[in-house]
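Working notes, structure below.
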Amino acid sequence: MTNTGNTEDDDRTDIRISLIGGTRLEGEEIHSRTLTASLVGGADIDLGDVDIPDGAELRITKLSLIGGVSLRVRPEVRVVVTGIRLGGVSDDGPTHEGGPTVHVAAWGLLGGVSVRRD
């Protein structure tokens, strides 16, 4: 997550596309904006080892017909989930303002969003 301080990178959206199969993203592969798209397949996103500064925001968009999002974050990270999908959201994390925030927009027919905190 070394890229969030670079103003040139702040305008960049990282795009990952696959027809069939999921996407796995970890730490250094994540930019301030990431789009992952597939016909069938979920997104496994691991931010557990990433030090996201207080007040920073990451935006992750997931587009798929079938496939959810599995997100791992640190305990203090606030996660905001939007979008339309048949599947729930599993997250018992913090909801207070001020800390780092990850916005997940999940769009698809089937697939929920699961947030794990370590």
Side-chain angles (χ1 to χ4, degrees):
M1 178 79 209
T2 59
N3 302 325
T4 58
N6 185 342
T7 57
E8 180 181 312
D9 188 59
D10 289 342
D11 293 334
R12 179 180 172 195
T13 299
D14 184 33
I15 300 173
R16 306 290 177 105
I17 299 174
S18 66
L19 293 178
I20 298 175
T23 302
R24 177 156 177 73
L25 299 170
E26 296 181 273
E28 295 299 319
E29 300 174 286
I30 303 293
H31 298 277
S32 58
R33 291 189 314 232
T34 300
L35 167 70
T36 176
S38 63
L39 289 176
V40 177
D44 184 11
I45 302 167
D46 187 350
L47 301 176
D49 295 330
V50 177
D51 186 21
I52 305 170
D54 281 349
E57 293 187 3
L58 299 180
R59 298 193 177 276
I60 299 169
T61 303
K62 172 67 174 107
L63 306 171
S64 65
L65 291 176
I66 300 171
V69 176
S70 175
L71 176 65
R72 180 176 165 247
V73 294
R74 291 182 173 198
E76 69 277 5
V77 175
R78 180 174 178 243
V79 177
V80 176
V81 178
T82 59
I84 297 173
R85 71 220 157 269
L86 295 176
V89 176
S90 171
D91 180 16
D92 59 357
T95 58
H96 63 279
E97 297 289 334
T101 302
V102 175
H103 295 271
V104 177
W107 301 90
L109 292 179
L110 295 174
V113 177
S114 173
V115 180
R116 190 176 92 223
R117 296 171 188 283
D118 300 325

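- Follow the hydrophobic side-chain contacts under 4.5 Å out from Ile45 and you reach Val89 in the same cluster.
- Cluster membership for Ile66 and Trp107, using ILVMFWY side-chain heavy atoms within less than 4.5 angstrom, is not shared.
- In this structure Asp44 satisfies the side-chain contact (heavy atoms from CB on, under 4.5 Å) test together with Arg24, Ser70, sequence neighbours excluded.
- In terms of the side-chain contact (heavy atoms from CB on, under 4.5 Å) criterion, residue partners of Arg72 (sequence neighbours excluded) are, by chain and number, Asp46, Asp49, Arg116, Asp118.
- For the salt bridge (Lys or Arg N to Asp or Glu O under 4.0 Å) test, no residue two or more places apart in sequence or in another chain qualifies with Arg85.
- Follow the hydrophobic side-chain contacts under 4.5 Å out from Leu19 and you reach Leu109 in the same cluster.
- Across all their heavy atoms, Ser38 and Gly21 have their closest contact at CB-O, 3.9 Å.
- Scanning both residues, Pro100 and Pro53, for their nearest heavy atoms gives CB-O, 3.5 Å.
- Remark: Thr23 engages Arg16, Ser18, Leu25, Thr36 in a side-chain contact (heavy atoms from CB on, under 4.5 Å) (not counting sequence neighbours).
- Hydrophobic cluster membership differs between Val80 and Leu71, with clusters built from Ile, Leu, Val, Met, Phe, Trp and Tyr side chains linked at under 4.5 angstrom.
- For the pair Ile52 and Val102, the minimum side-chain heavy-atom distance is below 4.5 Å.
- Residues passing the side-chain contact (heavy atoms from CB on, under 4.5 Å) test with Leu35, sequence neighbours excluded: Thr13, Ile15, Thr61, Leu63.
- Checking each of Leu47, Val104, Val77, Thr34 against Leu58 for a side chain to side chain contact (heavy atoms under 4.5 Å, CB included) leaves exactly one that passes, namely Leu47.
- Using a 4.5 Å heavy-atom cutoff, the side chains of Asp91 and Val113 are not in contact.
- Between Ser64 and Gly67 the shortest heavy-atom distance is OG-O, 3.2 Å.
- Taken to the nearest 0.5 Å, the NE2 atom of His103 stands 12.5 Å off from the CZ atom of Arg33.
- Here the closest non-hydrogen pair linking Gly42 and Lys62 is C-CE, 3.7 Å.
- With sequence neighbours excluded, no residue forms a side chain to side chain donor-acceptor pair (under 3.5 Å) with Arg74.
- Criterion: ILVMFWY side-chain heavy atoms under 4.5 Å apart, direct or through other members. Under it, Ile17 and Leu39 are not part of a common hydrophobic cluster.
- Contact between Arg12 and Ser32 at its shortest, heavy atoms only, is O-OG, 4.5 Å.
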